[in-house]
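FYI, the numbering just counts along the sequence from 1. In this text the structure is predicted, and so the values were computed from the model without any measurement.
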Amino acid sequence: SGLKGLFPRTAALVGDQAFRDLVRQYLLAFPSSHPELERIGIDLPAFLSAATNRAWQGAHAMAAYEQAMLESLLAPDASACEFSIPTETF
């Protein structure tokens with residue numbers, strides 16, 4: 001699954017079969033609305049947090065961490081900060 005590649009530690013934490021079940025239920029609840037695969041799991045941490053399955057709830061923090069790391073990689077580059085120092089200061 002594409003989500004296993006995006007959330008490898010979360011998948012390892014809950015186990016392969018449980019992760020497949022989790023992904024199936026997640027995608028039913030949150031169908032992809034973005035063309036980029038990397039964005040498909042954006043709601044996974046919230047989904048896990050609200051889950052009734054305790055093992056899934058326990059994986060919430062790891063999924064949130066992995067999502068934050070992914071978002072940092074996908075975020076646009078920051079623009080350089082420009083400033084000037086008045087010449088009369090020197």
Side-chain angles (χ1 to χ4, degrees):
S1 128
L3 281 175
K4 187 175 182 180
L6 298 173
F7 294 91
R9 290 176 186 92
T10 303
L13 194 59
V14 299
D16 284 338
Q17 184 59 48
F19 191 74
R20 281 192 291 274
D21 294 342
L22 177 158
V23 167
R24 196 172 7 263
Q25 290 185 33
Y26 169 72
L27 291 175
L28 287 172
F30 296 92
S32 178
S33 61
H34 203 281
E36 295 177 9
L37 176 63
E38 294 84 2
R39 304 278 187 202
I40 197 170
I42 197 163
D43 294 309
L44 186 62
F47 175 78
L48 293 174
S49 179
T52 56
N53 183 317
R54 283 204 182 286
W56 294 3
Q57 287 176 342
H60 162 260
M62 181 57 72
Y65 169 78
E66 289 181 308
Q67 181 63 29
M69 293 297 293
L70 181 59
E71 287 296 320
S72 71
L73 294 172
L74 297 174
D77 292 337
S79 59
C81 180
E82 294 185 29
F83 64 94
S84 62
I85 300 173
T87 54
E88 61 271 359
T89 309
F90 297 102

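The minimum heavy-atom distance linking Ala59 with Leu48 is given by the pair O-CD1, 3.9 Å. Pairing each heavy atom of Gly58 with each of Leu13, the nearest pair is O-CD2, 4.1 Å. For the residue pair Phe47 and Leu22, the shortest heavy atom distance occurs at CE2-O, 3.9 Å. Nearest heavy atom pair, residue Arg39 against residue Glu71, reads NH1-OE1, 2.9 Å.
No donor-acceptor pair under 3.5 Å is formed between the side chain of Gln67 and the backbone N or O of Pro45. In this structure, the side chain of Tyr26 engages the main chain of Asp43 through a donor-acceptor pair within 3.5 Å.
Between the CG atom of Leu3 and the OG1 atom of Thr10 there is a distance of 10.0 Å, given to the nearest 0.5 Å.
Side-chain contact, Gln17 with Asp21: a donor N or O sits under 3.5 Å from an acceptor N or O.
A single hydrophobic cluster is not seen to contain both Ile42 and Leu44; linkage of ILVMFWY side chains at heavy-atom distances under 4.5 Å, directly or through other members, places them apart. Hydrophobic clustering (side-chain heavy atoms under 4.5 Å, transitive across Ile, Leu, Val, Met, Phe, Trp, Tyr) keeps Met62 apart from Phe7.
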Q. Between Val23 and Lys4, does a side-chain contact (heavy atoms from CB on, under 4.5 Å) hold up when you go through it step by step?
A. CA-CA 9 Å; Val23 167; Lys4 187 175 182 180; over 6 Å; no
